[in-house]
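Taking it in order: structure first as structure tokens, then the write-up.
For reference, positions follow the sequence shown, starting with 1. Just the heavy atoms: all of them, side chains too, but no hydrogens, waters or symmetry mates, feed the values below.
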Amino acid sequence: MRILFLGAPGVGKGTQAERVGEVMSIPHISTGEMFRHHVGSKTALGLRVEEILARGDLVPDVLTVEMILERLGDPDTTDGFILDGFPRNVAQVHALDEAIGDRALDAVVVLEASNEVLQERILARGRTDDTPESVSNRLDVYERETAPLIDVYRERRLVVKVDGVGEIEEITAKILTALAGLS
Ligand code: ADP
């Protein structure tokens, strides 16, 4: 299956995408993780995006798209993949459509939680880009740039909404049940 995870920062996308990928034996591809890896390893890309990540802004599309399309060309993606953190704006949806076709996705899992839950979880997590300014900027960027994608994929009848509040195992089970119901 080719699945995309959408949801606000702190909603648990990464955790759930990783778990679902493991159960389905398909790679979990997180652009955030890829960028953090570049920053940690001080690659040319990492040095270029370090400050952008710290501010909580989006990395320019050209850089993001190049990185992700290269990853999607790897042989472990032929049986499917879980995309987490990409696409994050309409231009990235178009780039993905061009690369894999606009009917290539099987589902878009949208995880939901209230703003209070999101703030609480992000602060508890304490990643280096989790400063109050960056968090509030990322929530704004999500509302402005990424949340509209839910409608784009709803029109394609791909959206599966799942409540992101509860036990981690329970949420994974709900996602798996919802995905199993599709085929
Ligand atoms: P979260 O969703 O919890 O904020 P992520 O790990 O998904 O964290 O992303 C961390 C950061 O990586 C983002 O704030 C952004 O700077 C960058 N990033 C990740 N994915 C993209 C993308 N598709 N386009 C542009 N920037 C991205």
To the nearest 0.5 angstrom, please state how far the CG atom of L72 sits from the CG atom of D74.
8.5 Å
Got a second to check how far F35's CZ is from L45's CG, nearest 0.5 Å?
6.0 Å
Can you get from V135 to V141 by hopping between Ile, Leu, Val, Met, Phe, Trp and Tyr side chains that sit under 4.5 Å apart?
no
Verify, without hydrogens or angle tests, whether T146 (side chain) and N89 (backbone) share a donor-acceptor contact under 3.5 angstrom.
no
Please answer: with hydrophobic residues joined when any side-chain heavy atoms are less than 4.5 Å apart, are I68 and V90 in the same cluster?
yes
One pair to check against side chain to side chain contact (heavy atoms under 4.5 Å, CB included): R19 and E169. What are the steps and the verdict?
CA-CA 9 Å; R19 292 170 59 86; E169 294 78 8; 3.7 Å; yes
R48 CZ: over 12 foreign heavy atoms closer than 6.0 Å:
no
Any side-chain heavy-atom pair from L118 and V11 closer than 4.5 angstrom?
yes
What are the two closest non-hydrogen atoms of I122 and G10, and how far apart are they?
CG1-CA, 3.7 Å
How close do T31 and G85 get, counting heavy atoms only, and between which atoms?
OG1-O, 3.0 Å
Quick one: closest heavy-atom pair of G164 and R121, and the distance?
O-NH2, 2.7 Å
Heavy-atom closest pair, residues L58 and I52
O-CG2, 3.5 Å
Between A113 and V165, the two heavy atoms sitting closest are CB-CG2, 3.9 Å
Are any of the side-chain heavy atoms of D106 and L182 separated by less than 4.5 Å?
no
Just wondering, do I29 and F86 contact through their side chains at under 4.5 Å, heavy atoms?
no
In Å and rounded to the nearest 0.5 Å, what is the CG to NZ distance from L47 to K42?
7.0 Å
Kindly indicate whether the side chain of H94, heavy atoms from C-beta on, has any atom under 4.5 Å from the side chain of D97.
yes
Do L139 and L123 belong together in a cluster built from hydrophobic side chains that touch within less than 4.5 Å?
no
Does K13 reach the main-chain N or O of F5 with its side chain, forming a donor-acceptor pair under 3.5 Å?
no
Quick one: do L158 and V20 end up in the same hydrophobic cluster if we chain Ile, Leu, Val, Met, Phe, Trp and Tyr together by side-chain heavy atoms under 4.5 Å apart?
no
Apply the side-chain contact (heavy atoms from CB on, under 4.5 Å) test between L6 and each candidate in V110, L111, V109; give the one that qualifies.
V110
Would you say that H38 contacts M67 through its side chain, given a criterion of any heavy-atom pair below 4.5 Å between the two side chains?
yes
Is any side-chain heavy atom of I168 less than 4.5 Å from a side-chain heavy atom of Q16?
yes
Do the side chains of V160 and Y153 get nearer than 4.5 Å, heavy atoms only?
no
Under 3.5 Å, side chain of D140 to main-chain N/O of N137, donor-acceptor pair present?
no
When you compare the side chains of S134 and R138, does any donor N or O come within less than 3.5 Å of an acceptor on the partner?
yes
Which value, rounded to the nearest 0.5 Å, describes the distance between I82 atom CD1 and I3 atom CD1?
4.5 Å
Could you please spell out the steps behind the side chain to side chain contact (heavy atoms under 4.5 Å, CB included) verdict for D151 and V159?
CA-CA 9 Å; D151 277 340; V159 170; over 6 Å; no
Distance-minimising heavy-atom pair for G14 and D84:
CA-OD2, 3.2 Å
When you compare the side chain of Q92 with that of L149, does any pair of heavy atoms fall below 4.5 Å?
no
Rounded to the nearest 0.5 Å, what separation is found between the CG atom of L105 and the CG atom of L83?
7.5 Å
CD (E133) and CG (D129) are apart, to the nearest 0.5 Å, by 12.5 Å
If you measure from the Lys or Arg side-chain nitrogens to the Asp or Glu carboxylate oxygens, is any gap between R71 and D76 under 4.0 Å?
yes
Identify whether the distance between the nearest side-chain nitrogen and carboxylate oxygen of D61 and R88 falls below 4.0 Å.
no
With the 4.5 Å side-chain cut-off for hydrophobic clustering, are M1 and I171 part of the same group?
yes
